[in-house]
Amino acid sequence: MRFVYFASVRETIGMDGEQRECPDTVITISDCIDWLSSLGDNYAQAFANRQNLRFAVDQQMAKVTVPLSGVKELAIFPPVTGG
Amino acid sequence: MKTIRIQPQRFDTGAELAPLRALGGGAVASFTGIARSDPDARGDVTMIQLEHYPAMTSSALNELMDAAYGKWELLGCVLIHRVGEIFTGEEIVLVGAASLHRADALSAVAFLIDRLKTDIPLWKKEYRSDGSARWVDEKLSDIRVRTY
């Protein structure tokens, strides 16, 4: 799966995206955030405040409970502030 | 007539709204968002860096405009959002709508700018005169005051 990060999440993790295969324990976005957070301090710090994270699966906004089966791209970012 | 653009370049509001006037309706409504200095203890905002999710922004704006067309009788709609470096006093966003009578155009513009602030993958980072920079927080007022 392709991961893409934006704004403060991108800066804290230190990259704008990466390709990773999730372990079998990852079913939903929430599981995926748990798993990524275990990979390093930069991920743990970027995802420390779960309330402040938003997601898109294959370019559609998604809630944290959405399953990731078949998803090609998961975007993780803070609340949007355009306009 | 539907126009959607994401661009780093500045734009001329009057020129962008002119095509809406030519559609034969009796009403053109618009909103232009301007980068403001918003002074605080760290000084004035001198520049905003606007980041977006290129693979998603255009399609999300298309869906938003389609939703407006589903709610109101519109003759045309323009939505332009800048990305990249935007200096204080410059335009950030333009939403314009044309309709036969004012109610549809006014309502559509309010809907589009409200939703744009909560549903479209765009992020602002403020740079201030003391050299500090920070990502702009989500405004609860934007979520609560959502008119539609």
Side-chain angles (χ1 to χ4, degrees), chain A residues 1-20 22 28-30 32-33 36-37 41-68 70-83, chain B residues 6 31-36 38 45 48-64 79-84 86 91-95 109-126 133-143 145-147:
Chain A
M1 190 164 63
R2 176 84 191 151
F3 291 81
V4 287
Y5 311 120
F6 292 99
S8 54
V9 171
R10 171 179 59 73
E11 287 185 348
T12 306
I13 292 175
M15 65 181 116
D16 58 12
E18 58 186 323
Q19 189 77 30
R20 280 185 181 276
C22 298
T28 65
I29 294 175
S30 180
C32 189
I33 297 301
L36 285 172
S37 296
D41 289 346
N42 53 335
Y43 294 97
Q45 191 186 336
F47 304 145
N49 183 358
R50 301 283 177 104
Q51 301 293 328
N52 218 31
L53 294 177
R54 301 290 182 272
F55 313 95
V57 291
D58 293 336
Q59 297 87 46
Q60 291 286 329
M61 294 290 190
K63 290 198 160 72
V64 73
T65 51
V66 164
L68 288 171
V71 169
K72 293 190 178 69
E73 183 169 278
L74 171 63
I76 308 173
F77 44 79
V80 302
T81 55
Chain B
I6 317 265
F31 170 84
T32 306
I34 313 285
R36 65 179 186 275
D38 204 16
V45 172
I48 291 170
Q49 183 84 36
L50 241 150
E51 181 170 330
H52 74 129
Y53 181 2
M56 179 174 169
T57 320
S58 292
S59 60
L61 288 174
N62 264 301
E63 286 175 23
L64 188 57
L79 211 165
I80 302 170
H81 207 297
R82 287 180 64 203
V83 293
I86 299 167
E91 61 290 344
I92 302 174
V93 60
L94 171 67
V95 177
V109 167
F111 166 82
L112 287 166
I113 191 63
D114 282 357
R115 289 297 177 93
L116 197 147
K117 283 178 173 286
T118 56
D119 296 2
I120 306 297
L122 291 150
W123 300 273
K124 287 194 192 96
K125 191 174 191 176
E126 291 176 345
R134 68 170 195 100
W135 290 99
V136 174
D137 291 327
E138 174 183 43
K139 288 192 182 69
L140 285 177
S141 58
D142 283 342
I143 300 164
V145 179
R146 229 162 84 156
T147 325

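Letters A, B, ... mirror the listed sequences (proteins, then strands); counts begin at 1. Computed over heavy atoms, backbone and side chain alike; hydrogens, waters and symmetry mates excluded.
Formation of a donor-acceptor pair under 3.5 Å by the His81(B) side chain with backbone atoms of Gly83(A) is found in this model. Glu51(B) places a side-chain N or O within 3.5 Å of a backbone atom of Ala7(A) that can act as its donor or acceptor partner.
When every heavy atom of Ala56(A) is checked against every heavy atom of Tyr53(B), the shortest pair comes out as CB-CE2, 4.2 Å.
Here the CG-OG1 distance, from Leu122(B) to Thr81(A), works out to 8.0 Å after rounding to the nearest 0.5 Å.
In terms of heavy-atom pairs under 4.5 angstrom with chain A, the leader among Gln49(B), Lys124(B), Lys125(B) is Lys124(B).
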Set out, in order, the CA-CA distance, both residues' side-chain angles and the distance that settles side chain to side chain contact (heavy atoms under 4.5 Å, CB included) for Met56(B) and Gln60(A), then state yes or no.
CA-CA 8 Å; Met56(B) 179 174 169; Gln60(A) 291 286 329; 5.9 Å; no
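At a 4.5 Å heavy-atom cutoff, the contact between Glu63(B) and chain A is made by side-chain atoms alone. For Lys117(B), the parts lying near chain A are the backbone and the side chain together; criterion is any non-hydrogen pair under 4.5 Å. When heavy atoms are compared at a cutoff of 4.5 Å, Ile120(B) approaches chain A solely by way of its backbone atoms N, CA, C and O.
Thr57(B) pairs by the side-chain hydrogen bond (donor to acceptor under 3.5 Å, both in side chains) definition with His52(B), not counting sequence neighbours.
Under a cut-off of 6.0 angstrom, the local environment of CZ in Arg36(B) is sparse, with at most 12 non-hydrogen atoms contributed by other residues, nucleotides or ligands. No more than 12 heavy atoms of other residues, nucleotides or ligands sit less than 6.0 Å from atom CG of Asp41(A).
Two residues are said to be in side-chain contact when any heavy atoms from C-beta on lie closer than 4.5 Å; Trp123(B) and Pro78(A) meet this criterion.
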